[in-house]
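Lettering of chains follows the sequences in order, A, B, ..., and the numbering in each one begins at 1.
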There are 2 protein chains.
Amino acid sequence: MTQDKTDKKDDFDLQEFLPYLLNRAAEESSLEFQQVYKDRYGMLRTEWRVLFHLGNYGEMTAKDIGERAKIHKTKVSRAVSKLEQRRYLTRTRSLSDRRVEELTLTTTGHAVYRDLRKVAEQYDAKLAGLFSQDESDLLRKMLWRLAHMS
Amino acid sequence: MTQDKTDKKDDFDLQEFLPYLLNRAAEESSLEFQQVYKDRYGMLRTEWRVLFHLGNYGEMTAKDIGERAKIHKTKVSRAVSKLEQRRYLTRTRSLSDRRVEELTLTTTGHAVYRDLRKVAEQYDAKLAGLFSQDESDLLRKMLWRLAHMS
DNA sequence: GCTTGTTAGTTACAAAATCAACTATTACTC
DNA sequence: GAGTAATAGTTGATTTTGTAACTAACAAGC
């Protein structure tokens with residue numbers, strides 16, 4: 001009665017469902033690193049991502065970040081405010097278009113970025129270490145593909 | 001000035017960072033399916049997961065689900081309440097331990113499960129179709145491994 | 001140059017997630 | 001078997017996210 005016979009093909013298990021697996025793997029793999037930027041700098045994930053974008057790509061606008069990382073503009077806006085409060089970045093109105101704000105990391109912000117980046121690098125190596133070089137290369141390629149489907 | 005020379009190894013790109021890639025892929029790959037259970041049944045992700053666990057594994061307790069899916073008990077509790085309100089499941093106090101509730105899908109709940117499961121199956125096939133059979137098999141294996149690190 | 005439309009970013013309100021404290025029940029220990 | 005600890009699940013307060021409406025600036029059409 002609990003599991004009736006109408007389900008012929010019982011070969012489809014939840015544990016195999018890609019979106020589920022992806023979410024579980026994403027959550028699990030984020031946990032440890034999350035602890036670092038949270039405990040060490042009191043940052044939220046979106047804040048960390050914005051910081052990392054600025055550190056990685058240099059001066060950007062909120063819109064650029066939102067597009068590149070697919071983060072909604074309200075989230076970016078709030079993250080930028082918080083990072084500004086903590087003096088990790090500064091905003092300067094663009095002269096050519098005064099709606100736009102150019103965001104730049106401060107010296108402090110850049111130091112935080114470098115510190116977290118080092119941790120990220122090590123942590124990434126640790127994760128990749130679960131697999132062979134070829135495998136982790138392939139994994140990245142596949143994930144990139146999934147992330148850029150639409 | 002924007003990107004100074006102190007960063008020797010600039011080979012570590014944010015786009016390569018596994019937790020970032022995983023999160024992006026997870027979000028992207030969940031979107032389309034999310035629309036279905038949201039639009040069609042007004043369900044939230046946790047609710048869908050609880051429903052799917054019950055459909056997939058039969059009778060379970062809230063604790064079982066929480067452990068297996070790594071969902072916090074408050075989230076499970078609220079999801080169960082909502083599913084009960086919508087008459088997708090029923091609770092019965094365990095006779096051996098009256099703290100415990102056995103959760104079972106109703107006929108309606110099971111119908112919803114079967115419908116969504118069919119969609120999930122098709123969607124999974126679509127995602128897997130981005131890769132070769134070997135690749136997607138490997139992908140699942142790697143994701144499972146990442147999801148079960150700790 | 002004025003109306004209309006679009007864009008960058010913010011703010012306000014509603015929905016959901018997180019965290020801590022709570023109830024009720026069972027298990028452990030002496 | 002009384003007292004303490006542990007467990008299943010719920011509830012309430014706080015934080016974070018999501019959605020919509022908003023401001024300010026620019027762009028286009030006429």
Participant: Can a donor-acceptor pair be found between the side chains of A:Glu59 and A:Thr104 at a distance below 3.5 Å?
Facilitator: yes

Participant: Once side-chain contact (heavy atoms from CB on, under 4.5 Å) is applied, do any residues pair with A:Lys70, and if so which ones, sequence neighbours excluded?
Facilitator: A:Ser150, B:Arg24, B:Glu28

Participant: Which residues pass the side-chain hydrogen bond (donor to acceptor under 3.5 Å, both in side chains) test with A:Lys63, not counting sequence neighbours?
Facilitator: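 Checked A:Lys63 against side-chain hydrogen bond (donor to acceptor under 3.5 Å, both in side chains); matches are A:Glu67.
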
Participant: List the residues meeting salt bridge (Lys or Arg N to Asp or Glu O under 4.0 Å) with B:Glu101, not counting sequence neighbours, and say none if there are none.
Facilitator: B:Arg91, B:Arg93

Participant: Can you sort out the partners of B:Arg78 under side-chain hydrogen bond (donor to acceptor under 3.5 Å, both in side chains), two or more places apart, ordered by chain and number?
Facilitator: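 Checked B:Arg78 against side-chain hydrogen bond (donor to acceptor under 3.5 Å, both in side chains); zero matches.
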
Participant: Take the protein atom CE of A:Met60 and the nucleotide atom P of C:dG9, then report the distance between them rounded to whole Å.
Facilitator: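 The answer, rounded to whole Å, is 11 Å.
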
Participant: For A:Tyr88, enumerate each residue passing the ring-ring contact (aromatic ring centres under 6.0 Å, His included) test, keeping only those at least two apart in sequence or located in another chain.
Facilitator: none

Participant: Of all of residues 75-83 of chain A, which get a heavy atom below 4.0 angstrom from DNA chain C, listed by number?
Facilitator: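 Heavy-atom cutoff 4.0 Å gives A:Ser77, A:Arg78.
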
Participant: Residues two or more places apart in sequence or in another chain: which of them pass salt bridge (Lys or Arg N to Asp or Glu O under 4.0 Å) with B:Asp64?
Facilitator: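 Partners of B:Asp64 by the salt bridge (Lys or Arg N to Asp or Glu O under 4.0 Å) criterion come out as none, since no residue qualifies.
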
Participant: Return the set of residues passing side-chain hydrogen bond (donor to acceptor under 3.5 Å, both in side chains) with A:Gln15 (not counting sequence neighbours), or none when no residue passes.
Facilitator: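 By the side-chain hydrogen bond (donor to acceptor under 3.5 Å, both in side chains) rule, A:Gln15 matches B:Tyr57.
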
Participant: Expressed in angstrom and rounded to an integer, what is the separation of A:Asp64 atom CG from C:dG9 atom C1'?
Facilitator: 13 Å

Participant: Go through residues 22-45 of chain A and report each residue with a non-hydrogen atom lying under 4.0 Å from DNA chain D, sorted by number.
Facilitator: A:Leu44

Participant: Under 3.5 Å, is there a donor on one side chain and an acceptor on the other for B:Arg114 and B:His110?
Facilitator: yes

Participant: With sequence neighbours left out, write down each residue that passes side-chain contact (heavy atoms from CB on, under 4.5 Å) with A:Lys126, or none if nothing qualifies.
Facilitator: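 A:Glu32, A:Tyr123.
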
Participant: For a quick check of understanding: with a heavy-atom distance under 4.0 Å over all strands, which category does A:Arg93 fall into, base, sugar-phosphate or nothing?
Facilitator: nothing

Participant: For every nucleotide of nucleotides 20-29 of chain D, 5' to 3': is a protein heavy atom under 4.0 Å from its base (B), only from its sugar-phosphate (S), or from neither (-)?
Facilitator: B----BS---

Participant: Output the rounded distance in Å from CZ (A:Arg91) to C1' (C:dA8).
Facilitator: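 Going from CZ in A:Arg91 over to C1' in C:dA8 covers 12 Å.
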
Participant: List for me each residue that meets side-chain hydrogen bond (donor to acceptor under 3.5 Å, both in side chains) alongside B:Arg99, sequence neighbours excluded, and say none if there are none.
Facilitator: B:Asp97

Participant: Just how far, in rounded Å, is P of D:dA8 from CZ of B:Arg68?
Facilitator: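 Atom CZ in B:Arg68 sits about 16 Å away from atom P in D:dA8.
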
